Amino acid sequence: MASQSPPSALLLLPPPPCASSVQFKAVYQPILSAVCTELSQVVNGTHRVAYLHVALSLSGLRSPACQPPAKAFTSLQRALEHIYTLIGAVCMERNIDMEAPGGIDSRVVLLDFDSVHSATSKSGESAPVTQNGPILDLQTLANSKRLWNKIYFPDTPAGQDLAAAFSSFHDPSKDPNSDTLQPVPGVRPWTPSESFLAPGEPVEPVTHYSAIVAGTFDHFHIGHKLLLTATALVLQPLGTGNADKERLFSIGVTGDEMLKNKKYPQYLESWEKRCRSTIDFLRSIMDFGPPEASTPHVEYINDPGPNGKVMVMKIRPGITLRLVQISDAFGPTITEESISALVVSKETRSGGAAVNQERKKRGFKQMVVFEVDVLHSGEVAPGDVDNFASKISSTDIRRRQMELAMI
């Protein structure tokens, strides 16, 4: 692998046999264990991080039942929760650090499995291609010019079909760091499910061109990744709905002044650093277009008053990312009526109700509130629950940094 750049791998996963966490664990845990172990050996004892991009295939992502993705939000975010939980459990079991030197930084996108069938069909019809995630077709993923050193797939019939379809678009000769696709052996075959939707999934009829989520995003970890990816699912995809309308993805990032009472405050990251980590992650799961000639410009705004400190960046034409420093529990949600969707975790669901109460006082339309599951420590052995929690908690990450500084 090239020493000049961090090791980077892609893992192609066929759909699970069903949407339950038990089935996710049964089919995916052995694959993730093998891939994470191999990647961690490359960076173990170094100051480098290995990047693992997981493309989780699901059937019917372009179907009317899932367009816009907000219709299927509950099922989609649950699939993301299952896979991120497994990654955390595998890393804990293998003693692999996450998002830290010598460890693995994982990023999950959703792959439309129907586009795999289109690639292998003889109809000659080309499927529509999009360049923004976190839901992708196979052609966009394969032609994205990402420099993956390894492209893994399970050595099963479904995995082999997925790899063959990917290869029909991907040209390794144009990727100087790419090896041939690498099968993960010893995996028990399974029959991919034809649907991941939960029975009776509520239909969300509203299209959202402006969505918001908030948090501290300190020491960026897989819980943050789940929350932000789920928020990206709420936005109306490019090429659908009002094609000319800008999509605005707002993130309220807690200001430094609000964090003084946090535990181990001396190890808190600055607002700017927390924003930069958030931007880096969102670009990695949402921007799959041709590489830009230069790094996308980030505009800094520092106006007086609440919500005046902002970072703004265009992810792609049509999608604007805005990070706002917030100094209270509401941020832009009670000053900008055009924001129509709010994403919260189940731990902070009361915040969604409070926001809508404040909007009602101002005569604003109520926001649609989407809830994201928390990562389940129940996927690990009972004795290891605390260890698992520490790997996905900003507070415990700061505590570990303090303990290391005292050695």
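Because the structure is a prediction, the values reported are computed rather than measured.
Remark: side-chain polar atoms of Tyr84 are not paired, donor with acceptor, to backbone N or O of Ala79 under 3.5 angstrom. Put simply, the side chain of Gln67 never gets that close to the backbone of Pro64: no donor and acceptor are under 3.5 Å apart. Checking side-chain atoms of Asp114 against main-chain N and O of Gly60 turns up a donor-acceptor pair under 3.5 Å. The backbone N or O of Leu226 sits nowhere less than 3.5 Å from a side-chain atom of Thr229 that would complete a donor-acceptor pair. In this structure, Arg322 contributes its side chain and Val312 its backbone to no donor-acceptor pair below 3.5 Å. One N or O on the side chain of Arg359 and one on the backbone of Glu337 form a donor-acceptor pair closer than 3.5 Å. Without hydrogens or angle criteria, Arg349 side chain to Ser345 main chain gives no donor-acceptor distance under 3.5 Å. Side-chain atoms of Asn149 come within 3.5 Å of backbone atoms of Ser8 as a donor-acceptor pair (strictly under, hydrogens ignored).
Looking at every heavy atom in both residues, Ala163 comes nearest to Leu12 through CA-CD1, 4.4 Å. Ala214 approaches Leu227 most closely through the heavy-atom pair O-CD2, 4.2 Å. Between Trp190 and Pro17, the shortest heavy-atom distance links the atoms CD1-CD, 3.6 Å.
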Worked verdict on Arg274 versus Asp256 for salt bridge (charged side-chain N to carboxylate O under 4.0 Å, His left out): CA-CA 10 Å; Arg274 289 181 278 128; Asp256 295 340; 2.7 Å; yes

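Note on ring orientation: taking the six-membered ring where Trp is involved, the planes of Phe220 and Phe281 are tilted (angle from 30° to 60°).
The ring of Phe249 has its center no closer than 6.0 angstrom to the ring center of His208.
Salt-bridge check for Asp105 with Lys225: passed, with a basic side-chain N closer than 4.0 Å to an acidic carboxylate O.
If you check the side chains of Thr156 and Gln160, you find no donor sitting under 3.5 Å from an acceptor.
In this structure Thr37 satisfies the side chain to side chain donor-acceptor pair (under 3.5 Å) test with no other residue, sequence neighbours excluded.
When side chains are defined from C-beta on, Arg107 counts as touching Asp280, because their heavy atoms get closer than 4.5 Å.
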